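Atoms considered below: every heavy atom in the structure, side chains included; atoms not considered: hydrogens, waters and symmetry mates. So you know, we letter chains A, B, ... as the sequences are listed, proteins then strands, and number each from 1. The structure displayed is predicted, hence computed values, not measured ones.
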Amino acid sequence: MAAKGWIEVSDTYCKGCELCISACPQDVIELNMSHLTPKGYHPAHTFKDGCTGCAICAVVCPDAAITVYREVTKVNTPVTA
Amino acid sequence: MPKELWKGNEAIAEAAVRAGLEAYFGYPITPQTEVLEYLSRRMPELGRAFVQAESELGAVNMVYGAACTGVRVMSSSSSPGVSLMMEGLSYIAGTEVPAVLINVMRGGPGLGNIAPAQSDYNQAVHGGGHGDYPRIVLAPASVQEAIDLTVLSFDLAEKYRMICMLILDGAIGQMMEPAEMPEMKPVNRKDFGWATNGTMGKRDRRLLTSIYLNPLDEEQTNLRLLTRWKQVQTHEVRYKEYFIDDAEIVIVGFGTAGRVALSAVRTAREQGIKVGLLRPITVSPFPIERLDQLTGQARAFLVTEMNTGQMLDDVQLAVHGRVPVEFYGRPGGVVPFPDEILNEIKRIASAPATAHTDARDAWLTRMTAQA
Amino acid sequence: MTTPANNLVYERPEAFTDMPTHYCPGCTHGVAHRLVAEVLEEMNIMDKAIGVAPVGCAVFAYNYFDIDFVEAPHGRAPAMATGVKRVLPDRVVFTYQGDGDLASIGMGEIVHAAARGENLTVIFINNANFGMTGGQMAPTTLPGMKTSSSQSGRDVETQGYPIKVSEMLSTLEGVGYCVRRSLHDPKNIRLAKKAIRTAFETQVRGLGFSMVELLSTCPTNWGMTPVNSLKFVEEHMIPAYPLGDYKISEAIKQIKI
């Protein structure tokens, strides 16, 4: 079963260029036409389930606007301080 | 230190080394090349940076880069090469980093010739790169003075975060004279609060740039540069006077022209003419106040230069039409003989021009009449 | 949604400041910046890094990296970087230059910095035009390509031929590492990052001049969407500027990343 992931797109940095949308292998990103960033762009967001946390969107993002997370499926050894 | 026989260009190079020069970037051009040649062996010997750049453009921008790290850095060139460096000088000025540049001037405009000239006075003092920026300009008249002013130039550049130029003509660069070198100073990297030398994890990042996209910021930068320049004008004016106490005719000449004028002044004094010499050492800042004072005593000024009257304008501004100002120049790489200046002194002593005479026009008329 | 740290796959590099870039939406300058930032961070060399910004669209590059920066006159970044590096040889000095800056006005400076084998890293952005001034013809503009100063398309008879910088510089003995990569898709972006890493590793090891040429987009001046601009790189730029390793010295080939 595919890993489950999610992304956060920063309103500060996203310029709505759509490169992440075209690169996303799962086709789960689109521009959020009901939201404007402070600079006046429609930012990217995931509009349906299916994100695997593969981070390809972040790799192509020219504005380092995307933070990528992936659900931890295995129980990792806790990191000790 | 005992006196040794030093060639002007090599003396400047060694003086810079002893003042703590950490990096030199240059390009060959006559009559300055010995500075480059000397440092090409001296700097590596001391483990310091030397690069023969691909052009004066390259050289001045290497200077710019090194200057941003806060080390003592210098370049040298001659007139056409210095023209190429003007871009970099403007950036260095706009970034407010210290740098030293030696211009061993030659005949111009264009390719000109390789004979001694002073025709880059305006470029150095008033013009050059784009934008509104002041710079300190020193004009030595002997090998010893070239040594002393080279050392001083690093201190002034650092103190005021400003370009300090030495302008000397090819004669001083090429001549050999007995001179005393200063002691070798250890390289002392100061911890300037502005230098971009890597944060090394100890401070916030720094940025050095000459770009101020907001005109209001650029305006503040211009005002800051001018305010700093006022300090320079107050504290750093330097000149030398000879036979000035009772002088009725005051000659103003810098560098070699001033030196030749001194010979003429001595002879004129022997003949009973009350003439003296004011030799500006800082042509920027210019000794305006001193000239202003001398208008109370002199009945005529004679400006002697190896150009067509560039410092003449500054003298006229200081004298303000109160006393006649006359001019004698030899442009194009010609060095005047003392006799020529003596003749001018005698002419002025017997029949001075009026304050309304245009000094440059009158000189041009005399020059073309001779030819 | 809880986001424990070990869920994190990717976040904005620490080598970046908080400032959003001024680049147009979809411009791959931003990708190149990000790769440089990631490499500086991964190599833990931010403290020692000194960047040299160019004149062109990347003139404000210094606003985005949390490291020391200087700003060079147009084309002179390699000379300025030479000045910095020669007095601070233990620092990591890099220039970031566009094709107008590096291949037009700065051709003298880049060739001689490379020929001297200056131990510098150059990130060279080739987007086939002068971006900042509004898309004029650059030395890298493709034959027939329309720009605001070659409005009927670059006519090679009167406007000359594109300059292939990586091919040219790779002929110089002083060059240790010289490669061309592209930023048009995820795979190539990853390869570009690896090249940038190798270039900085080259410098850290003192193995000579290193340059990574990056084929990049200029959607605004090309008059294309960002996505179509990537296709233009793939279909038109890469055939004219083949990707590849133009020079990798034997010592650099041994570097394992």
Could you tell me which of A:S22, A:C17, A:A55 has the largest number of non-hydrogen atom pairs under 4.5 Å with chain C?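 Ranked by heavy-atom pairs under 4.5 Å with chain C, first place is A:C17.
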Would you mind telling me which of A:L19, A:I56, A:I21 has the largest number of heavy-atom pairs within less than 4.5 Å of chain C?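 Among the listed options, the one with the most contacts to chain C is A:L19.
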Tell me if a side-chain donor or acceptor on [X] pairs with a main-chain N or O of [Y] at a distance below 3.5 Å.
X: A:Y13; Y: C:D18; result: yes
X: C:T28; Y: C:V31; result: no
X: C:N127; Y: C:S216; result: no
X: C:T95; Y: C:V52; result: no
X: A:K15; Y: C:Y23; result: yes
X: C:D99; Y: C:A128; result: yes
X: C:D66; Y: C:A15; result: no

Residues of residues 223-233 of chain C with any heavy atom under 4.5 Å of a heavy atom in chain A: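 Checking residues 223-233 of chain C against chain A gives C:P226, C:V227, C:L230.
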So which bits of residues 178-204 of chain C come within less than 4.5 Å of chain A, counting non-hydrogen atoms only?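 C:P186, C:I189, C:R190 fall under the 4.5 Å cut-off.
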Any side-chain heavy-atom pair of C:Y64 and C:H22 under 4.5 Å: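 Side-chain contact under 4.5 Å: yes.
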Flag the pair C:F69 / C:N63 as yes when at least one side-chain heavy-atom distance between them is below 4.5 Å, and no otherwise.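 SC-SC contact between C:F69 and C:N63 ruled out.
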Is there a donor in the side chain of C:T21 and an acceptor in the side chain of A:D63, or the other way round, less than 3.5 Å apart? yes
Do C:Y96 and C:H29 have ring centres separated by under 6.0 Å? yes
Checking [X] against chain C: side chain, backbone, both or neither under 4.5 Å from a heavy atom?
X: A:C54; value: backbone
X: A:T12; value: both
X: A:I66; value: backbone

In residues 39-46 of chain A, which residues are in contact with chain C at a heavy-atom separation under 4.5 Å? A:K39, A:Y41
Out of C:A37, C:G30, C:P13, C:C24, which one racks up the most heavy-atom pairs below 4.5 Å with chain A? C:G30
Chain A: which of C:A32, C:P25, C:C27 shares the most heavy-atom pairs with it under 4.5 Å? C:P25
Working for side-chain contact (heavy atoms from CB on, under 4.5 Å), residues C:F124 and C:I110: CA-CA 10 Å; C:F124 169 41; C:I110 192 68; over 6 Å; no
Which residues pass the ring-ring contact (aromatic ring centres under 6.0 Å, His included) test with C:F16, sequence neighbours left out?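 ring-ring contact (aromatic ring centres under 6.0 Å, His included) check on C:F16 returns C:F65.
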Between the CD1 atom in C:I67 and the CD atom in C:E41, the distance rounded to the nearest 0.5 Å is 12.0 Å
Would A:T67 and C:E11 count as a side chain to side chain donor-acceptor pair (under 3.5 Å) if you check the C-alpha gap in whole Å, the side-chain angles of each, and the deciding distance to 0.1 Å? CA-CA 5 Å; A:T67 312; C:E11 67 177 340; 5.9 Å; no
Would the number of heavy atoms belonging to other residues, nucleotides or ligands and lying under 6.0 Å from CD of C:E14 be above 12?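 No, because the 6.0 Å sphere around CD of C:E14 holds 12 heavy atoms or fewer from other groups.
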